[in-house]
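Data block below; observations after.
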Number of protein chains: 2
Amino acid sequence: MTGVRQTTPLDRVAGAHDAAVLAVARRGDPVSRAELADALQVTPQAISKIMGRLMGRGLIAEAGTLAAGPGKPTTLYRIVPSSRRAIGLHLTRSRVHGVVVDLSGEILERRELEIGRLQPVPELIETLATEARALAEVGPGVLLGAGVGMPGPVDWSEGVYRGTSDPDPWRGAEIRRLLLEELGLPVLLDHDSRAALVGETWSQPGLLHDAALVLVEDGLGASLCLDGSIVRGAHSHAGEAGHTVVRMGGTPCTCGRRGCAQAEYQAALAAGDDDLAAQVLATIVVDIVRLVDVDRVVLGGRTVYAHHESSMNAIRAALAEGLHAEPWVHVEVMLSTRGTDLIAVGAACEVLEHEYGNPQALVGPGS
Amino acid sequence: MTGVRQTTPLDRVAGAHDAAVLAVARRGDPVSRAELADALQVTPQAISKIMGRLMGRGLIAEAGTLAAGPGKPTTLYRIVPSSRRAIGLHLTRSRVHGVVVDLSGEILERRELEIGRLQPVPELIETLATEARALAEVGPGVLLGAGVGMPGPVDWSEGVYRGTSDPDPWRGAEIRRLLLEELGLPVLLDHDSRAALVGETWSQPGLLHDAALVLVEDGLGASLCLDGSIVRGAHSHAGEAGHTVVRMGGTPCTCGRRGCAQAEYQAALAAGDDDLAAQVLATIVVDIVRLVDVDRVVLGGRTVYAHHESSMNAIRAALAEGLHAEPWVHVEVMLSTRGTDLIAVGAACEVLEHEYGNPQALVGPGS
DNA sequence: AGAGTAAGGCAACGCTGTTGCGTTACGTCA
DNA sequence: TGACGTAACGCAACAGCGTTGCCTTACTCT
């Protein structure tokens with residue numbers, strides 16, 4: 001597949017800088033040319049050119065001036081949230097939770113729909129499309145596309161729900177392609193925990209440079225952001241932390257192994273032992289920290305919402321215990337800023353990220 | 001810290017392309033302009049310019065022509081291994097194992113030295129410097145620097161051995177700075193498992209795009225290469241897979257927790273239960289695969305060398321069992337190509353990688 | 001007002017890879 | 001032996017990136 005080159009290397013330089021400026025601007029406060037020059041490691045003159053491009057596209061606008069002492073006052077710039085929109089859909093077996101967000105990731109509208117447990121794929125696509133079309137009505141700005149976040153094995157690059165082994169009507173569904181054909185809009189499909197992390201990184205650019213997000217919904221998932229990039233893996237399949245063994249020979253899991261974190265967590269909850277459940281959560285968090293050295297851990301998901309305080313405390317305690325010999329390692333534990341919208345918002349942010357986020361590698365595929 | 005800009009964005013484009021060409025050339029077979037153009041997604045004319053730069057630096061040379069049908073025969077190019085050298089030192093509590101490698105990662109010379117268990121830091125630096133100076137005598141080509149790989153918590157970006165909590169004469173040693181001052185050469189310090197993976201990726205470019213290396217020496221470590229980049233983490237501390245809990249409430253570990261993989265592994269070996277030890281290894285491999293979705297697992301290290309066949313079989317069996325519901329996920333399990341030299345060679349390759357390896361991010365620090 | 005200061009624009013520049021076209025070096029066939 | 005077709009390759013002009021040097025603008029302070 002000798003693909004035709006789409007962008008030149010110089011386009012990529014420009015694109016990377018445009019994305020970097022947007023990331024800084026997204027942090028909220030108006031920024032100056034000098035600040036941006038420092039952040040991007042380019043000259044102020046280059047920032048002027050970059051701003052010219054971005055203002056031409058309507059993504060950035062001037063936001064007044066700031067006089068500090070003598071001399072010409074600094075011109076400030078801000079992002080224009082209303083210039084773009086994206087739809088995000090959180091799909092589970094029992095419902096579809098949808099949002100439209102603006103360029104800054106703020107929610108413009110929310111919708112919720114209960115669905116039948118065994119909706120066949122064509123009907124499911126129709127349901128998703130209907131929700132998306134309703135959401136598309138809301139808000140100003142160019143609509144960029146729709147993102148879908150769902151649990152279970154999901155192949156991001158193929159846009160396919162892989163499914164588990166049970167008889168499953170959705171197994172192998174080409175959700176991205178079908179929904180794209182239905183909507184006529186760009187569509188992205190991703191794992192719920194990865195979508196959630198994309199959402200967190202979008203609205204807090206730079207903060208989650210090395211971070212893990214632990215998602216507790218029906219299952220247990222974890223996504224990673226390492227060195228500023230979301231980890232998706234060789235088969236776009238990363239994030240199945242729920243099938244990490246924390247007790248060899250323990251509770252049997254649906255995956256065939258024993259003592260998976262997810263199985264142990266659910267067994268503990270079923271037995272009413274909330275402390276043990278929190279311990280399981282804390283264990284896999286410490287394991288992740290030891291393995292990939294993230295310095296932020298974000299906790300989110302419907303199930304953990306009720307006892308998030310105790311869960312976070314258990315995680316903090318386990319981190320303190322497991323890292324007592326390495327005092328230079330500090331890990332910040334935080335709750336998702338998005339509440340129960342985190343996956344829907346994250347799915348929408350996948351679209352924003354894809355369009356205006358960090359650039360692909362400078363050099364094409366190495367092999 | 002408004003650092004002074006060292007490279008311009010255009011330098012980085014050129015540097016990235018130069019590195020990419022070297023990576024393809026390192027695979028061994030002579031390559032043509034057309035192949036490279038396809039791999040880098042640039043025009044053949046651009047490859048000519050890139051080759052001009054690289055040949056000017058002596059890194060690449062012409063390697064004959066290849067006539068295929070009518071028309072001017074294709075010119076082939078190959079890497080010049082003898083143009084550069086790097087020293088690699090593998091440091092443990094009981095010895096120093098050193099190598100010099102050429103640009104292709106081949107060993108030119110090997111040295112081994114037993115050392116006293118509690119050598120104080122200044123003496124240790126002197127020992128390392130002596131070994132490095134002896135190795136520096138061997139082979140042609142420009143000597144680029146020295147890499148040091150060692151177990152335990154190591155901060156790559158600071159070049160410091162962090163140490164564990166025991167009274168430890170090496171704790172906090174600024175090995176990189178001290179050795180640099182002693183040798184007058186660039187020095188890099190890294191964790192043994194990460195160094196080993198750098199070595200594997202250097203000599204097999206492109207193959208280990210998403211891979212894990214499990215290192216079994218005195219302790220148990222694992223390093224990751226995700227999306228083509230070695231994972232070092234927020235505190236340059238990634239890879240402590242040995243302190244991943246595989247049996248909650250299990251064998252007490254030196255780190256303070258119970259049931260860490262390393263503790264369980266060593267306990268099993270001490271009890272003579274090699275099967276159980278292999279199972280522990282297999283468990284953490286599957287956990288890693290589930291979490292970050294690597295499609296290659298490299299096994300290496302002195303301790304696992306004797307029973308590598310059975311260990312690899314156990315890992316393969318565990319992968320087959322743990323992934324039976326996801327038949328599209330294929331994971332290749334392989335043995336290190338470097339035998340017991342893997343860490344020393346890897347440390348040397350850290351230097352090569354730093355000088356000629358994949359480019360830093362296109363845009364400077366995002367914050 | 002006038003001097004001093006800092007921000008920002010304009011124009012020329014250096015460097016990337018790209019494009020268009022001519023040259024080189026090979027096979028093939030008359 | 002020579003003309004022709006073909007494929008690889010080089011040269012020169014080009015577009016577009018950020019950079020540099022210089023000038024203009026806009027403000028404060030005297």
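Naming: A, B, ... by sequence-line order, numbering from 1 per chain.
As a whole-Å value, the separation of A:I47 CD1 from D:dC17 C1' is 13 Å. To the nearest angstrom, P of C:dA7 lies 13 Å from CG of A:D38. The CD-C1' distance, from A:Q41 to D:dT19, rounds to 14 Å in whole Å. One can place CG of A:L36 at 14 Å from P of C:dA7, the figure rounded to the nearest angstrom. Here D:dC27 presents its P atom at 13 Å from CG of A:L66, a figure rounded to the nearest Å.
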Take nucleotides 4-12 of chain D nucleotide by nucleotide from the 5' end and write B, S or -, depending on whether a protein heavy atom sits under 4.0 Å from the base, only from the sugar-phosphate, or from neither. -BBBBBBB-
Show which side-chain atoms of residues 57-77 of chain A pair as donor or acceptor with protein atoms under 3.5 Å away, not counting sequence neighbours.
none

Donor-acceptor pairs under 3.5 angstrom involving side-chain atoms of residues 197-208 of chain A: please list them, not counting sequence neighbours.
{"residue": "A:E200", "atom": "OE1", "partner": "A:Q204", "partner atom": "NE2", "Å": "3.0"}
{"residue": "A:E200", "atom": "OE1", "partner": "A:T337", "partner atom": "OG1", "Å": "3.3"}
{"residue": "A:E200", "atom": "OE2", "partner": "A:S336", "partner atom": "OG", "Å": "2.7"}
{"residue": "A:E200", "atom": "OE2", "partner": "A:T337", "partner atom": "N", "Å": "3.4"}
{"residue": "A:T201", "atom": "OG1", "partner": "A:L197", "partner atom": "O", "Å": "3.1"}
{"residue": "A:T201", "atom": "OG1", "partner": "A:V198", "partner atom": "O", "Å": "2.9"}
{"residue": "A:W202", "atom": "NE1", "partner": "A:L103", "partner atom": "O", "Å": "3.0"}
{"residue": "A:S203", "atom": "OG", "partner": "A:G199", "partner atom": "O", "Å": "2.9"}

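With sequence neighbours left out, A:H191 forms a ring-ring contact (aromatic ring centres under 6.0 Å, His included) with no residue at all. With sequence neighbours left out, the side-chain contact (heavy atoms from CB on, under 4.5 Å) criterion links B:A347 to no other residue.
A:D18 has a carboxylate O that lies under 4.0 Å from a charged side-chain N of A:R53, or vice versa, which qualifies the two as a salt bridge. A salt bridge links A:R232 with A:D190: at least one charged nitrogen is closer than 4.0 Å to a carboxylate oxygen. A salt bridge does not link B:D29 to B:R78: none of the charged side-chain nitrogens sits closer than 4.0 Å to a carboxylate oxygen.
A close approach under 4.0 Å does occur between a side-chain nitrogen or oxygen of B:R53 and OP1 or OP2 of C:dG17. Here A:H17 reaches the OP1 or OP2 of D:dG18: one of its side-chain N or O atoms lies under 4.0 Å away.
The end-to-end axis angle of the helix from C:dA1-D:dT30 to C:dA30-D:dT1, rounded to 10 degrees and based on five pairs per end, is 20°.
Of all heavy-atom pairs spanning B:D293 and A:S236, the tightest one is OD2-N, 3.2 Å.
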